[in-house]
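Right, one structure below, let's go through it.
Excluded from the calculations below are hydrogen atoms, water molecules and symmetry mates; all remaining heavy atoms, backbone and side chain alike, are included. Letters go in sequence order (proteins before strands), and every chain restarts at 1.
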Protein chains: 2
Amino acid sequence: MNLLLIEPEELEDGSRRVRVGGRRRRHAEQILRAGPGASLRVGVVGGRIGTARVMALDAETLDLEVRLERDPPPKLAFQLVLALPRPPVFRRLLSTVSSLGIERLLVVGTARTEKSFWQSRVVEPGAIRERLLLGLEQAGDTILPEVELHRYFEPLVKDVLPACLVGRRGLLAHPGAGRPCPHGVADPVTCFVGPEGGLLDHEIEKLVGAGFLPVDLGERVLRVEPVIPMLVGRLAS
Amino acid sequence: MNLLLIEPEELEDGSRRVRVGGRRRRHAEQILRAGPGASLRVGVVGGRIGTARVMALDAETLDLEVRLERDPPPKLAFQLVLALPRPPVFRRLLSTVSSLGIERLLVVGTARTEKSFWQSRVVEPGAIRERLLLGLEQAGDTILPEVELHRYFEPLVKDVLPACLVGRRGLLAHPGAGRPCPHGVADPVTCFVGPEGGLLDHEIEKLVGAGFLPVDLGERVLRVEPVIPMLVGRLAS
């Protein structure tokens, strides 16, 4: 936790005082070893970043006086369209996605996406938000990426993806594409990353028809977890 | 498992027949649904890649006839010097490192590397090899990266790192360096990635003195797991 995040409603109107408990209090006490008078990095979810002075700390609560001084880092002009992976992978990836600064995540179903994954608790809005917040705390950001779930591939391609490519470069990460992924792209990017086991040929055709250019990251077949940061590291200018 | 790996000693001299059991047999049966006559992608650890025909499959063993036709993908000209992270992170990273094609990994101690990490079973040679093999199976490679453990920072910098920079570009991933990590570097690269919590100033000075250029990956503070593939994606040409 490099940034202690405060929900806007926790900050009383016009006040700079906030009281937090639970995980955040424990982290401040046990990991940051913050006693009264100490200074912590804080941010308001969806808002600004600054410092907080510890006014009091007891077994239940942590009282802070907050000073918000600057804006969070800008989001990357990077949208990710991701075939829903196995639930434990998805859980970890959500934090990675928000820590990287990806601005929008569309989680989608494909022919090889196991239907049972959609029944998992990891796709519930509250569970998603919790994992995204962990990534923001890590990265020192306050702005949640937009997350949308699109279970069915056909309406996604027809109704949703065209708008995702207006004024943006569409890239489909596809092992064996035979065209290396570009470096340091100046335009905003929308990247499609398929499921373990790959997309079907007719899915690839539809995505190419919608404007996605297939590119690869070399000869190796990689798991989705390293592929996301690889793409971001490569494409970000 | 995109490649079933066979140890050289499992392949009898001059023979193309091999018998495997355990995890590999189960995977072939349960995940790949390979029955007699089926064809599997195989590779010999440290050697070539090809296909194998399933000759027999029972509850204990899988008999294969192997045909090795081509070389594994080339390694990246990328060496990683990594401060030993928490054991569960290190375990996962080993597979990631080998799947990415990193040619050599130096695992090192720094002032902020917890000493207890070196007592973990994850740094035992057998445990390391097992995790590296999983990454090779994933990526379709057979060549294990070289892995060395260097517990003490001073002798590492003095005796080991200079040779790692001969004919190579040395980069130190350092949040706040103020100089963005370059893209698509043609030279071989040696990248130093410090511990959670960062390097101390005098450690940074020593690394700069040894020839490492501090670079950053943007304003965000990232966990080591996404940093490794980010660096590879960005630096690989």
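By the 4.5 Å heavy-atom criterion applied to side chains, B:Gln138 and A:Arg223 are counted as neighbours. When side chains are defined from C-beta on, B:Arg234 does not count as touching A:Val232, because their heavy atoms never get closer than 4.5 Å. Using a 4.5 Å heavy-atom cutoff, the side chains of A:Pro74 and B:Glu219 are in contact.
Looking at A:Leu222, both its backbone and its side chain come within 4.5 Å of chain B, counting heavy atoms on both sides. Proximity to chain B (any heavy atom under 4.5 Å) is restricted, for A:Ser237, to the backbone atoms N, CA, C and O.
In terms of non-hydrogen atom pairs under 4.5 Å with chain A, the most contact-rich of B:Leu76, B:Leu231, B:Thr96, B:Asp141 is B:Asp141. Most heavy-atom pairs under 4.5 Å with chain A: of the set B:Leu100, B:Leu217, B:Asn2, this distinction falls to B:Leu100. The residue among B:Gly184, B:Gly135, B:Pro72, B:Pro175 with the most heavy atom pairs within less than 4.5 Å of chain A is B:Gly184.
Around the CZ atom of A:Arg131, the shell of radius 6.0 Å holds more than 12 heavy atoms that belong to other residues, nucleotides or ligands. Applying the 6.0 Å contact sphere to CD of A:Glu148 captures more than 12 heavy atoms from other residues, nucleotides or ligands. The environment of B:Arg112 atom CZ is dense: over 12 non-hydrogen atoms of other residues, nucleotides or ligands sit within 6.0 angstrom. Shown here is B:Arg48, whose CZ atom has more than 12 heavy atoms of other residues, nucleotides or ligands within 6.0 Å. Around atom CZ of A:Arg168, more than 12 heavy atoms belonging to other residues, nucleotides or ligands sit under 6.0 Å away.
Atom CD1 in A:Ile228 sits 12.0 Å away from atom CE in B:Met230 (nearest 0.5 Å). To the nearest 0.5 Å, the span separating CD on A:Glu225 from OG on B:Ser99 amounts to 10.5 Å.
B:Arg220 and A:Pro73 get closest at one heavy-atom pair: NH2-O, 3.5 Å. Minimum heavy-atom separation, B:Pro226 to A:Pro229: O-CB, 3.4 Å.
At least one donor-acceptor pair under 3.5 Å links the side chain of B:His183 to the backbone N or O of A:Ala236.
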